[in-house]
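All figures in this text were calculated on a predicted structure; none of them were measured in a lab.
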Amino acid sequence: MTSARTTTPRSRSATRDKLFQAAVTLIAEQGFSSTTVEEIAERAGVAKGTVYYNFSSKTELFEELLRHGVALLTADLQQAAEETARRGDSRVDALDSMVRAGLQFIDRYPAFTQLYVAELWRTGRAWNDTLLVVRKEAVAVVEGVLRAGVAEGELSEDIDIQLTAAALVGMVLVAALDWKAFQPERSLEDVHGALSLLLQGRVGGSRPR
């Protein structure tokens with residue numbers, strides 16, 4: 001006899017996605033401490049026990065939420081870089097495609113982005129180590145394109161790769177949050193165009209000959 005709690009990997013993944021969406025929206029609205037498991041379950045449309053079936057605690061749920069969200073962003077950035085490479089475009093073009101991919105991600109998940117940026121500034125959280133790890137994974141994708149550009153002579157060897165990669169990711173996050181909060185009438189294409197000009201001017205210079 002099959003248990004009523006038997007779930008398939010697909011259905012469990014769908015449930016976790018609903019919990020992630022509910023949690024990120026509530027925590028972005030009212031903070032981690034003020035958000036209860038009951039509220040997350042209600043927003044997700046599931047029983048409270050379902051939350052604990054998937055996560056041992058609210059802290060674990062939030063930690064997995066950070067992993068899940070940044071993993072989606074990292075995958076989008078990687079895909080943008082790979083598609084540009086397949087077309088034979090330049091490394092600066094790859095960075096520009098990654099900027100656009102980052103903006104598209106933020107456009108889809110504004111609450112997660114708001115939450116992620118806020119948590120970068122907080123200390124003493126149980127998930128600080130996780131946050132550092134997932135941030136490093138996202139920035140590493142940009143670092144890889146910058147290293148390739150320097151190696152191929154397209155970008156100046158004077159570039160501080162680690163800092164430049166972090167600055168590019170930060171530029172997209174902050175510009176997108178400003179767009180959503182203060183200039184929502186602007187289109188994604190408009191915001192991307194402004195950042196693209198900045199990118200081409202600051203990073204696009206080639207190695208001195």
Side-chain angles (χ1 to χ4, degrees), residues 12-46 48 50-80 98-143 165-188 191-192 195:
R12 187 173 187 194
S13 176
T15 299
R16 288 168 73 92
D17 283 344
K18 286 197 295 184
L19 291 170
F20 283 142
Q21 290 294 330
V24 73
T25 303
L26 285 166
I27 294 171
E29 289 173 354
Q30 56 195 38
F32 177 79
S33 299
S34 299
T35 301
T36 66
V37 171
E38 289 85 351
E39 288 173 321
I40 293 171
E42 182 179 357
R43 180 69 66 94
V46 301
K48 178 181 174 181
T50 302
V51 179
Y52 290 114
Y53 179 64
N54 284 272
F55 306 98
S56 63
S57 65
K58 186 175 71 170
T59 296
E60 185 195 347
L61 188 159
F62 188 70
E63 200 163 355
E64 288 301 313
L65 170 65
L66 291 172
R67 291 183 187 277
H68 178 73
V70 179
L72 290 176
L73 172 60
T74 302
D76 285 354
L77 296 177
Q78 187 67 53
Q79 182 179 356
M98 293 165 84
V99 166
R100 182 177 180 82
L103 291 173
Q104 289 172 327
F105 173 87
I106 294 163
D107 195 35
R108 288 197 306 273
Y109 306 108
F112 173 80
T113 307
Q114 177 187 348
L115 186 60
Y116 172 71
V117 172
E119 287 303 318
L120 287 175
W121 293 96
R122 293 195 172 104
T123 59
R125 298 287 208 180
W127 48 80
N128 280 153
D129 288 345
T130 297
L131 191 61
L132 291 174
V133 169
V134 296
R135 174 199 167 277
K136 187 174 181 179
E137 290 171 356
V139 173
V141 179
V142 184
E143 288 179 358
L168 287 172
V169 173
M171 174 185 75
V172 173
L173 289 172
V174 174
L177 288 176
D178 186 88
W179 164 38
K180 290 297 183 181
F182 304 113
Q183 305 179 65
E185 72 283 357
R186 300 184 71 165
S187 67
L188 188 149
V191 177
H192 172 239
L195 296 186

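- A search for side-chain contact (heavy atoms from CB on, under 4.5 Å) contacts involving Gln78 returns Glu82, Val141, not counting sequence neighbours.
- Interatomic distance, Lys58 NZ to Leu65 CG, rounded to the nearest 0.5 Å: 12.5 Å.
- The nearest pair of heavy atoms linking Leu66 to Val134 is O-CG2, 4.4 Å.
- Between the side chains of Glu137 and Thr74, no donor-acceptor pair of N or O atoms lies under 3.5 Å.
- Closest non-hydrogen pair, Phe112 versus Val70, comes out as CZ-N, 3.6 Å.
- When the shell of 6.0 Å around CZ of Arg16 is examined, it contains more than 12 heavy atoms from other residues, nucleotides or ligands.
- From Ile27, atom CD1 reaches atom CG of Leu61 across 7.0 Å, with rounding to the nearest 0.5 Å.
- Phe105 and Leu73 get closest at one heavy-atom pair: CE1-N, 3.6 Å.
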Test Phe32 against Leu115 for side chain to side chain contact (heavy atoms under 4.5 Å, CB included), laying out the working first. CA-CA 10 Å; Phe32 177 79; Leu115 186 60; over 6 Å; no
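- In this structure, the separation between CG on Leu173 and OG1 on Thr113 is 6.5 Å, given to the nearest 0.5 Å.
- Put simply, OG1 on Thr25 and CD on Gln30 are 10.5 Å apart, with the number rounded to the nearest 0.5 Å.
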Apply side chain to side chain contact (heavy atoms under 4.5 Å, CB included) to Thr15 and Tyr53, showing your working. CA-CA 11 Å; Thr15 299; Tyr53 179 64; over 6 Å; no
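- Summarising the geometry of Leu19 relative to Ala44, their closest heavy-atom pair is CD2-CB, 3.9 Å, with the distance given to 0.1 Å.
- A heavy-atom distance below 4.5 Å is not found between the side chains of Asp76 and Gln104.
- Asp178 and Gln183 get closest at one heavy-atom pair: OD2-NE2, 2.8 Å.
- Within the structure, ring-ring contact (aromatic ring centres under 6.0 Å, His included) pairs that include any residue of residues 166-187 do not occur (at least two apart or interchain).
- When ring centroids are compared, Tyr109 and Phe20 stay outside the 6.0 Å threshold.
- For CD of Glu42, the number of neighbouring non-hydrogen atoms (other residues, nucleotides, ligands) closer than 6.0 Å is 12 at most.
- Rounding to the nearest 0.5 Å gives a distance of 5.0 Å between CD of Glu29 and CZ of Arg43.
- Between Leu188 and Arg100 the shortest heavy-atom distance is CD2-NH1, 3.6 Å.
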Give the C-alpha distance, both sets of side-chain angles, the deciding distance and a yes or no for side chain to side chain contact (heavy atoms under 4.5 Å, CB included) between His68 and Asp17. CA-CA 9 Å; His68 178 73; Asp17 283 344; 3.4 Å; yes
Before giving the answer on side chain to side chain contact (heavy atoms under 4.5 Å, CB included), spell out for Gln114 and Lys180 the whole-Å C-alpha distance, their side-chain angles and the decisive distance to 0.1 Å. CA-CA 10 Å; Gln114 177 187 348; Lys180 290 297 183 181; over 6 Å; no
